[in-house]
Amino acid sequence: MSARSAPVSRAPQSRRRLVALLVPVLLAVAGCTAGTEEKDPGPSERQKAAANRPSPFQDCSALGTPPASAAPAPPSGGGVQTLPELTLNCFTGGAPVALRDLRGPAVINVWASWCPPCRKELPAFQRLSERAAGQLRVVGVNNQDGREAAQAIGEDFGIRFPVLVDQGEGLKRELNRKAIPLTVFVDRQGRVRHVDSTGALDDARLAELVRQHLGVTVPA
């Protein structure tokens with residue numbers, strides 16, 4: 001008597017047919033989902049959008065005249081340097097600004113959006129510009145940064161003082177400094193009285209440096 005052949009299971013074949021039917025359906029669904037995703041705008045589109053938004057910063061037209069209630073400059077000692085012969089564009093446009101023409105008392109803060117200590121101290125510089133309005137001016141120098149990122153910082157932190165743009169890091173090189181943040185204290189004649197590179201400054205330290213190097217008492 002011959003042995004019976006074992007029955008052939010049809011379950012694997014059924015599963016294969018089911019998978020073959022489902023694959024096109026799954027691919028079609030995935031394709032629809034991908035097609036409905038929002039495309040990331042290219043850098044040029046983002047930059048264009050930032051350029052079309054109003055700038056949060058003030059214009060730079062008044063930087064060549066001393067603040068209205070500026071105190072006389074302290075007597076100069078030996079070795080006091082002047083601001084470098086460097087011309088920078090204003091963030092808001094208009095005529096470029098020659099740093100040698102800037103008249104203080106002024107506090108120049110060199111910053112960038114990618115610098116954490118810069119972001120930490122920027123609100124203190126905004127408060128200084130408000131508390132000492134008429135006695136001194138605060139000027140920002142945005143260093144090697146993207147326009148969109150710099151504008152976003154100004155908007156988020158409420159920064160309103162004038163900002164110059166220094167993509168080539170010219171001011172850092174002229175002052176022989178390598179790191180930011182960098183704060184430059186300038187008297188009424190445009191002479192550099194002190195350069196601070198100790199890190200993020202707070203309200204109290206800023207007020208002390210302004211009193212010590214520019215002779216200006218900042219109201220509390």
Side-chain angles (χ1 to χ4, degrees), residues 38 40-63 67 83-84 86-97 99 102 104-133 136-175 177-186 194-210 218:
E38 185 176 342
D40 181 35
S44 59
E45 294 180 24
R46 289 196 296 265
Q47 291 170 0
K48 188 182 298 183
N52 289 335
R53 295 200 307 270
S55 171
F57 310 120
Q58 290 180 2
D59 64 58
C60 306
S61 58
L63 296 184
L83 283 168
L86 183 66
T87 299
L88 300 174
N89 290 324
C90 183
F91 194 96
T92 59
V97 175
L99 288 186
L102 189 149
V107 177
I108 302 175
N109 179 238
V110 184
W111 64 278
S113 64
W114 43 262
C115 162
C118 301
R119 295 196 301 270
K120 182 178 180 180
E121 70 177 4
L122 272 171
F125 283 90
Q126 175 59 33
R127 290 189 291 270
L128 175 65
S129 72
E130 296 167 0
R131 292 170 180 165
L136 62 78
R137 61 169 42 95
V138 175
V139 182
V141 174
N142 185 242
N143 180 88
Q144 205 176 31
D145 207 350
R147 183 177 181 86
E148 180 191 14
Q151 175 148 329
I153 290 293
E155 293 167 344
D156 293 346
F157 293 178
I159 306 303
R160 299 293 177 261
F161 49 78
V163 172
L164 303 172
V165 179
D166 189 7
Q167 292 286 20
E169 301 185 289
L171 183 54
K172 275 175 54 180
R173 286 200 309 272
E174 292 290 341
L175 295 174
R177 302 297 173 112
K178 295 181 179 180
I180 58 172
L182 194 63
T183 305
V184 186
F185 297 82
V186 182
H194 177 66
V195 179
D196 187 275
S197 57
T198 58
L201 300 175
D202 58 16
D203 296 84
R205 181 59 178 156
L206 259 179
E208 173 59 24
L209 289 171
V210 165
V218 180

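What you see is a predicted model, and the numbers here were worked out from it, not measured in a lab.
S61 is linked by a side-chain hydrogen bond (donor to acceptor under 3.5 Å, both in side chains) to D59, counting only residues two or more places apart in sequence or in another chain. Evaluation of the ring pair (Phe, Tyr, Trp, His ring centres under 6.0 Å) rule for F161 yields no partner, not counting sequence neighbours. For Q58, the side chain to side chain contact (heavy atoms under 4.5 Å, CB included) partners are P162, not counting sequence neighbours. For R119, there are no side-chain hydrogen bond (donor to acceptor under 3.5 Å, both in side chains) partners at least two apart in sequence or on another chain. Every residue two or more places apart in sequence or in another chain was checked for a side-chain hydrogen bond (donor to acceptor under 3.5 Å, both in side chains) with R160, and none qualifies. Remark: E130 pairs with Q126 by the side-chain hydrogen bond (donor to acceptor under 3.5 Å, both in side chains) rule, at least two apart or across chains. Residues satisfying the salt bridge (charged side-chain N to carboxylate O under 4.0 Å, His left out) test with E174, not counting sequence neighbours, are none. Looking at residues two or more places apart in sequence or on another chain, you find no side chain to side chain contact (heavy atoms under 4.5 Å, CB included) involving A179. Qualifying ring pair (Phe, Tyr, Trp, His ring centres under 6.0 Å) partners for F91, counting only residues two or more places apart in sequence or in other chains: F57. Taking A133 as the reference, nothing meets the side chain to side chain contact (heavy atoms under 4.5 Å, CB included) condition, with sequence neighbours excluded.
Counting heavy atoms from C-beta outward, L201 and L209 have side chains that approach closer than 4.5 Å.
Atoms CG and CG, from L86 and L102 in turn, are 11.5 Å apart once rounded to the nearest 0.5 Å. A distance of 7.0 Å separates CG of L122 from CZ of F157, quoted to the nearest 0.5 Å. Interatomic distance, L83 CG to L175 CG, rounded to the nearest 0.5 Å: 8.0 Å.
Side-chain atoms of W114 do not come within 3.5 Å of backbone N or O of A149 as any donor-acceptor pair. Between the side chain of Q167 and the backbone N or O of D145, at least one donor-acceptor pair lies under 3.5 Å. At distances below 3.5 Å, at least one donor-acceptor pair connects side-chain atoms of K172 with backbone N or O atoms of K178.
Closest approach of P67 to P105, counting heavy atoms only: CG-O, 3.9 Å. Closest non-hydrogen pair, A200 versus E121, comes out as CA-OE1, 3.4 Å. Nearest heavy atoms, C118 versus V110: SG-O, 4.3 Å. Minimum interatomic distance between C90 and L164 (heavy atoms only, all atoms of both residues): CA-CD2, 4.0 Å. The shortest heavy-atom contact between C115 and I180 is SG-O, 3.8 Å. When all heavy atoms of R137 and A62 are compared, the pair lying nearest together is NH2-O, 3.0 Å.
Of the residues V186, I108, T183, V184, the one that meets the side-chain contact (heavy atoms from CB on, under 4.5 Å) test with V195 is V184. Of the listed residues (L171, L182, V163), just one forms a side-chain contact (heavy atoms from CB on, under 4.5 Å) with V141, and that residue is L171.
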Evaluation steps, side-chain contact (heavy atoms from CB on, under 4.5 Å), between W111 and N142: CA-CA 5 Å; W111 64 278; N142 185 242; 3.5 Å; yes
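For residues 196-208, the pairs satisfying salt bridge (charged side-chain N to carboxylate O under 4.0 Å, His left out) are R127-D203, R131-D203, E208-R211, with sequence neighbours left out.
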